[in-house]
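Report on the structure given below.
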Amino acid sequence: MDRSRPLARRPLVTLLTAAALAASGLTALTSAARAADADLAHNGGFESALDGWTCTAGAVVNAPVHSGGAALKATPAGADNARCAQTVTVRPDSQYTLSGYVRGTYVYLGASGTGTTDVSTWAQSAPDWQRLTTTFRTGPATTRVTLYTHGWYGTGAYHADDISLTGPGGETGQPPAVPGGLTAGSVTSTGVALSWSPVPGATGYAVYRDGTRVRTVTGTSTTVTGLTPSTAYAFQVAAVNDAGESARSATVTATTAERPDGGGSGDLPAHALVGYLHASFANGSGYTRLADVPDSWDVIDLAFGEPTTVTSGDIRFERCPVSECPNVESDAEFKAAVKAKQAAGKKVLISIGGQNGQVQLTTTAARDKFVSSVSAIIDEYGLDGLDIDFEGHSLSLNADDTDFKNPKTPVVVNLIAAVKTLKAKYGDDFVLTMAPETFFVQLGYQYYGTGKWGGQDPRAGAYLPVIHALRDDLTLLHVQDYNSGPIMGLDNQYHSMGGADFHIAMTDMLLTGFPVAGDAANVFPPLRPDQVAIGMPASVNAGNGHVSPAEVNKALNCLTKKTDCGSYATHGTWPELRGLMTWSINWDRFANWEFQKNFDAYFG
């Protein structure tokens, strides 16, 4: 979040380099397709528009074409590489040839989910139609493979036509039998462990909670997390293979345990309004005194505490000077306002970072200085806790740091240790919130750090290890659903700012959990709904991605009531969703309190 007007910043994704992609799995064309082989790609010539294809930024054009009367044209933009893909049924342990014609700069053709080595081939520059081809062999249990084409970031439009996958067709067979032996094991306040008997021929299992499918796993056990304490749930499981899904098993019920101490959220209202108050600067929104913040605001984040240097760990909170904020209150009045807000049941936090406040705790000395300096601010003003708003280059992952559950990078490890120390010092009432950008959280579904082959932006998903390590201490996570490029949701479609759909998809990821960098064996577990608020700009002046009150309400309706969901299907319904966060209280006042008034009207 920024102090300038307007707030406009979009991180650029470095992602995979062309060379890394080219080396990621090319295999030599070893033999011609057998006579019995078929072309398994559906509508590879795009003669039936985009039927069978899922594209983030693609359209069918009549010229130029390689053959027939149509071809694909797709244009990369921002963090979107204009990917088009389709999934086809294949036969295990079989050889396939993928080919297609492309034109443009940096055009890729590949296959993923092969069960062996995923392949990709590319043309660096194809001013006219150029044939790309590669081969792969499916794994012993592989029955479905995804074909795709895409361009490259910052380059122009590309064209593709006559895409084919030649090889033996897959057999759909019959859905598997119904699983038996479903049992509820260990139970916590937010999770229930489940196990069941294996089913012959099943490639996975769909787990249902209260009639809603919440996840698919490959093994015969899982722990359903993100549950509400002291609540009864009903679970079922169904077996899945390429032919479909079995009927659901018998129902097993389990009741979660009471909420343990910790997290500092017990005395927040069921639905909370969170806002940032420009306390150390002024901009086009004007300065707002803390005492003048309306009672609707339940959590007030004082923006910002900033370091003396990027790597010092020495955080200072300088209140706005009179020369910049003529109506600024005195220190005594400010501290009195903090106490008054707390007496009214509100939480007042110091927010560290922002766009200008880069914080890199590269050493243990910086870690310890962070703890002591933040403590000094909390103690001086009598605050309730800490908001971590690290942006820009504050967090990034070392090349060998690939497991979010066991981070190695010093800036990540030291931040986690520093916050745990603060939590231990102030106890269970300490309020901890975080405001990362989508780039550092939801982008982790596709990319994590520099990636297996290097070349990705090391900041991709870099907040995930911090959130995961501190989830038991975390009061609220309110990701900034603004100033963001397109982000892929759990439906494997890209979602862009500007409507309810973006907030629904981004929040669903937090409440459902997701495999990190597409690795089904490395899943970021969901957060509790009472730990999550949706971050939105208060007005068109506050940041890119502002949506109208009507769109705000659609997002809330979908996530808490499963109505007004539009095209995105959520993986659950969460009436306990904590609420909304906005940048900022000042900008909302500038806009005649539109954001606050809508929140009050919605939650009554």
Side-chain angles (χ1 to χ4, degrees), residues 1 3 263-282 285-305 315 317-320 325 327-354 374-389 422-423 425-435 474-476 478 530-531 533 535 538 542 578-593 595-600 603-604:
M1 280 166 278
R3 60 181 57 185
S265 61
D267 54 353
L268 282 180
H271 300 292
L273 181 61
V274 182
Y276 287 78
L277 184 68
H278 308 177
S280 60
F281 61 94
S285 64
Y287 184 82
T288 300
R289 287 174 166 237
L290 178 57
D292 295 334
V293 174
D295 289 341
S296 296
W297 300 89
D298 301 296
V299 180
I300 302 169
D301 293 319
L302 304 177
F304 288 106
I315 306 301
F317 175 52
E318 304 292 342
R319 298 190 53 246
C320 192
C325 303
N327 60 324
V328 66
E329 64 269 63
S330 67
D331 277 354
E333 291 171 326
F334 188 81
K335 293 175 182 178
V338 171
K339 292 182 178 179
K341 290 297 180 185
Q342 293 168 332
K346 314 303 178 183
K347 305 296 182 182
V348 186
L349 316 180
I350 180 64
S351 179
I352 306 298
V374 171
S375 296
I377 296 169
I378 292 174
D379 293 344
E380 179 179 357
Y381 293 96
L383 304 179
D384 295 287
L386 169 67
D387 172 69
I388 301 173
D389 184 16
L422 288 166
K423 173 71 176 182
K425 176 178 180 178
Y426 291 102
D428 293 335
D429 292 333
F430 184 76
V431 178
L432 173 64
T433 65
M434 300 183 195
L474 182 64
T475 307
L476 281 177
H478 30 66
D530 64 280
Q531 288 180 298
R578 182 63 76 175
L580 300 178
M581 174 275 280
T582 193
W583 177 263
S584 62
I585 294 173
N586 303 63
W587 281 119
D588 196 34
R589 181 180 185 179
F590 185 84
N592 196 31
W593 302 111
F595 195 87
Q596 172 206 302
K597 290 176 181 177
N598 185 64
F599 179 91
D600 289 343
F603 288 111

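Everything numeric here is computed off the predicted structure, so don't read it as measured data.
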State, yes or no, whether a side-chain contact exists between Lys423 and Leu432 at a heavy-atom distance under 4.5 Å.
-> no

State which residues pass side chain to side chain contact (heavy atoms under 4.5 Å, CB included) with Glu333; sequence neighbours excluded, sorted by chain then number.
-> Arg289, Glu329, Ser330

CG of Leu422 to CD1 of Ile378, rounded to nearest 0.5 Å, is 6.0 Å

For Phe599, all residues meeting ring-ring contact (aromatic ring centres under 6.0 Å, His included), sequence neighbours excluded = Phe603

For the pair Glu318 and Phe281, evaluate side-chain contact (heavy atoms from CB on, under 4.5 Å) and give the outcome as yes or no after the intermediate values.
-> CA-CA 9 Å; Glu318 304 292 342; Phe281 61 94; over 6 Å; no

Residues which pass ring-ring contact (aromatic ring centres under 6.0 Å, His included) with Tyr381, listed by chain and number, not counting sequence neighbours = Phe317, Phe334

Applying side-chain hydrogen bond (donor to acceptor under 3.5 Å, both in side chains) to Tyr426 and not counting sequence neighbours gives Asp379

Measure the CG-CG distance between Asn586 and Leu277 for me, rounded to the nearest 0.5 Å.
-> 5.0 Å

Audit row: Ile350, Ile315, side-chain contact (heavy atoms from CB on, under 4.5 Å) steps and yes/no = CA-CA 11 Å; Ile350 180 64; Ile315 306 301; 5.9 Å; no

Output the distance between atom CD (Gln342) and atom CG (Leu383), rounded to the nearest 0.5 Å.
-> 7.0 Å

Heavy-atom distance under 4.5 Å between the side chains of Gln596 and Arg589, does that happen here?
-> no

Looking only at heavy atoms, what is the nearest atom pair of Cys320 and Ala282, with distance?
-> SG-N, 3.9 Å

Using atom types as modelled and distance alone, determine if a side-chain donor or acceptor of Lys597 lies under 3.5 Å from a backbone N or O of Asn592.
-> yes

With distance as the sole test, does Lys341 use its side chain to make a donor-acceptor pair with the main-chain N or O of Val293 at under 3.5 Å?
-> yes

Any donor-acceptor pair under 3.5 Å linking the side chain of Asp384 with the backbone of Val348?
-> yes

Do you know which two heavy atoms are closest between Ser280 and Phe304, and how far apart they sit?
-> OG-N, 3.1 Å

Separation between CE of Met434 and CD of Gln531, rounded to the nearest 0.5 Å | 9.5 Å

The side-chain contact (heavy atoms from CB on, under 4.5 Å) partner of Phe595 among Ile585, Thr582, Asp600 is Thr582

Does atom NZ of Lys425 have more than 12 heavy-atom neighbours from other groups under 6.0 Å away?
-> yes

Donor-acceptor contact present, side-chain Asp301 to main-chain Leu349, <3.5 Å | no

Compare all side-chain heavy atoms of Phe430 with those of Leu386 and state whether any distance is below 4.5 angstrom.
-> yes

Taking only residues two or more places apart in sequence, or in another chain, which ones meet Asp387 in a side-chain hydrogen bond (donor to acceptor under 3.5 Å, both in side chains)?
-> Tyr276, Ser351, Thr433

Looking only at heavy atoms, what is the nearest atom pair of Trp593 and Pro294, with distance?
-> CH2-CD, 3.5 Å

Spacing of Ile300 atom CD1 and Lys347 atom NZ [to the nearest 0.5 Å] | 12.0 Å

Value for CG (Asp292) from CG (Leu290), rounded to nearest 0.5 Å, stands at 8.5 Å

Can you see which heavy atom on Cys325 is nearest to which on Tyr287, and at what distance?
-> SG-CD1, 3.6 Å

For Asp298, the side chain to side chain contact (heavy atoms under 4.5 Å, CB included) test, sequence neighbours excluded, returns Pro269, Ala272, Leu273, Lys346

